[in-house]
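When a ligand or atom number is given, it counts from 1 through the structure's own listing order.
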Amino acid sequence: MTDQIPVTISTENQVMTIAWNRPEKKNALTQLMYATAADAIKAAAEDDAVRAVLITGTQECFTAGNDLGDFLNNPASGEEAPVSQFLLAISTLEKPIVAAVNGPAVGIGTTMLLHCDMVVAADTTVFCMPFSNLGLCPEAASSFLLPRLAGHQRAAELLLLGENFDAQQAKECGIINYIAAADSYLALANDLVNKLASKPPTSIRMTKQFLKQGQDALVQERMRTEGEAFAQLLRGPEAREAMTAFMERREPDFSKF
Ligand code: COA
């Protein structure tokens with residue numbers, strides 16, 4: 001256990017920064033962390049003093065994705081689940097969101113980027129959407145958004161094989177805007193988000209709204225259907241084997257399914 005706050009929220013120069021802060025567990029996201037971030041983003045939506053949001057992690061890591069212990073022992077699903085509230089908040093925020101990522105960006109650590117407006121990655125970032133390896137299916141509307149960004153074949157490779165990919169591949173797929181050195185990615189992301197916060201707020205909001213018009217309802221619908229399938233798979237034997245194997249630090253055995 002740690003007495004550290006696992007998500008730090010701060011607002012400066014009209015930018016709200018949400019930073020995952022559970023480095024001893026590679027910033028794996030718990031229900032408390034999702035709920036804290038969802039509440040912060042909802043507050044940002046209502047607060048005229050916030051004009052843009054930055055999402056980041058800690059010095060070594062963006063996030064290793066959902067806490068696998070939570071997946072095994074405390075699975076949450078449905079619209080009220082903290083993860084659903086978090087995804088709803090980032091996918092509907094009218095103000096711009098910039099992400100600054102480095103180290104592992106696993107699972108939702110990659111799929112949440114599809115809801116950001118600009119992403120800066122350190123050249124050391126390792127992306128992965130390992131849902132199929134965990135006996136799960138895509139979430140966060142990634143099965144809808146990724147093929148639109150990257151085309152079917154690249155999306156299929158990333159989602160079916162679930163292997164690691166680097167910042168260069170993420171850029172070629174359109175998931176990120178910029179690659180920077182590990183000691184400068186955060187400064188670059190801060191420059192971008194501060195630039196956005198200094199622009200005329202109504203114009204920025206309307207521009208973002210127009211960019212997303214036409215896909216909003218489809219994204220929410222896909223998030224709902226993926227979420228139902230994900231919850232069902234999470235309770236199934238394939239996911240249990242995959243996650244127990246991770247916890248026991250052994251290879252999973254899917255030969256019996
Ligand atoms: N949930 C819970 N705990 C996690 C975690 C997760 N998603 N990811 C990492 N941790 C924990 C590890 O269990 C370990 O805890 P311990 O020190 O108490 O044993 C600690 O964080 C450090 O992780 P470790 O695996 O030793 O770090 P690494 O640098 O060798 O590897 C990762 C980093 C991210 C590649 C690896 O931890 C990993 O694959 N994590 C699982 C990612 C995942 O499948 N996420 C779910 C996506 S849907």
Side-chain angles (χ1 to χ4, degrees), residues 1-4 6-7 20-37 55-77 81-84 86-87 90 99 101-115 121-143 145-146 155 158-167 169-170 175 182 223 226-254:
M1 279 294 283
T2 173
D3 51 12
Q4 233 173 10
V7 189
W20 312 122
N21 184 30
R22 197 188 171 210
E24 74 286 2
K25 294 288 180 189
K26 302 283 171 186
N27 297 333
L29 299 173
T30 60
Q31 299 195 27
L32 171 66
M33 292 164 79
Y34 288 125
T36 306
I55 303 180
T56 190
T58 43
Q59 217 172 0
E60 306 287 316
C61 181
F62 184 52
T63 168
N66 203 99
D67 186 281
L68 291 175
D70 264 8
F71 265 166
L72 262 181
N73 307 318
N74 194 14
S77 58
V83 62
S84 309
F86 170 70
L87 289 172
I90 54 169
V101 307
N102 64 328
V106 186
I108 197 167
T110 293
T111 60
M112 75 171 77
L113 305 178
L114 304 173
H115 298 280
D123 54 10
T124 48
T125 311
V126 179
F127 300 86
C128 187
M129 293 177 285
F131 308 113
S132 60
N133 301 325
L134 291 171
L136 299 170
C137 66
E139 36 84 289
S142 52
S143 66
L145 291 167
L146 194 60
L158 299 182
L159 284 168
L160 289 174
L161 288 182
E163 290 175 357
N164 289 346
F165 56 104
D166 65 15
Q169 285 168 283
I175 299 171
M223 221 132 65
E226 284 177 348
E228 283 173 6
F230 195 98
Q232 209 173 351
L233 289 168
L234 197 50
R235 290 169 172 80
E238 296 176 11
R240 180 151 296 272
E241 167 59 13
M243 288 171 211
T244 308
F246 176 80
M247 295 302 182
E248 293 173 357
R249 293 192 177 266
R250 62 170 172 83
E251 285 301 309
D253 175 8
F254 299 117

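- Of all protein heavy atoms, the one closest to atom 36 (C) of ligand 1 is Phe246 CE1, 4.3 Å.
- Nearest approach of Pro138 to Phe230, heavy atoms of both residues: O-CD1, 4.2 Å.
- The heavy-atom pair separating Leu136 from Ala239 by the smallest distance is CD2-CB, 4.1 Å.
- Atom 1 (N) of ligand 1 has as its closest protein heavy atom Leu68 N, 2.8 Å.
- The shortest heavy-atom distance from Met243 to ligand 1 is not under 4.0 Å.
- In this structure, atom 28 (P) of ligand 1 lies nearest to the protein heavy atom Lys26 CE, 4.0 Å.
- At the top of the distance list for atom 18 (O) of ligand 1, counting protein heavy atoms only, stands Lys25 NZ, 2.5 Å.
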Taking it one step at a time, do Phe131 and Glu226 satisfy side-chain contact (heavy atoms from CB on, under 4.5 Å)?
CA-CA 12 Å; Phe131 308 113; Glu226 284 177 348; over 6 Å; no

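- The shortest N or O to N or O distance between Pro104 and ligand 1 is not below 3.5 Å.
- With respect to atom 7 (N) of ligand 1, the closest heavy atom belonging to the protein is Asn66 O, 3.0 Å.
- Within 4.0 Å of atom 32 (C) of ligand 1, not a single protein heavy atom is present.
- At a heavy-atom distance under 4.0 Å, no atom of Glu60 approaches ligand 1.
- Close contacts between ligand 1 and Ala28 involve ligand atoms 1 (N), 2 (C), 5 (C), 6 (C), 7 (N) [criterion: under 4.0 Å to a heavy atom].
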With side-chain contact (heavy atoms from CB on, under 4.5 Å) as the criterion, how do Tyr34 and Val7 come out once you've worked through the C-alpha distance, each side chain's angles and the decisive distance to 0.1 Å?
CA-CA 9 Å; Tyr34 288 125; Val7 189; over 6 Å; no

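- Here Leu134 has side-chain heavy atoms under 4.0 Å from ligand 1, and that is the only part of it that gets that close.
- Here Asp67 has heavy atoms under 4.0 Å from ligand 1 in both its backbone and its side chain.
- Distance check on atom 44 (O) of ligand 1: some protein heavy atom falls below the 4.0 Å cut-off.
- The residue among Arg22, Met129, Glu24 with a heavy atom at the shortest distance from atom 17 (O) of ligand 1 is Glu24.
- Counting protein heavy atoms only, atom 8 (N) of ligand 1 is closest to Ala64 CB, 3.3 Å.
- Those atoms of ligand 1 with a heavy atom of Arg249 less than 4.0 angstrom away are 14 (C), 19 (O), 26 (O).
- Judged by distance alone, with hydrogens and angles left aside, the side-chain atoms of Asn66 form no donor-acceptor pair with the main-chain N or O of Ile108 at under 3.5 Å.
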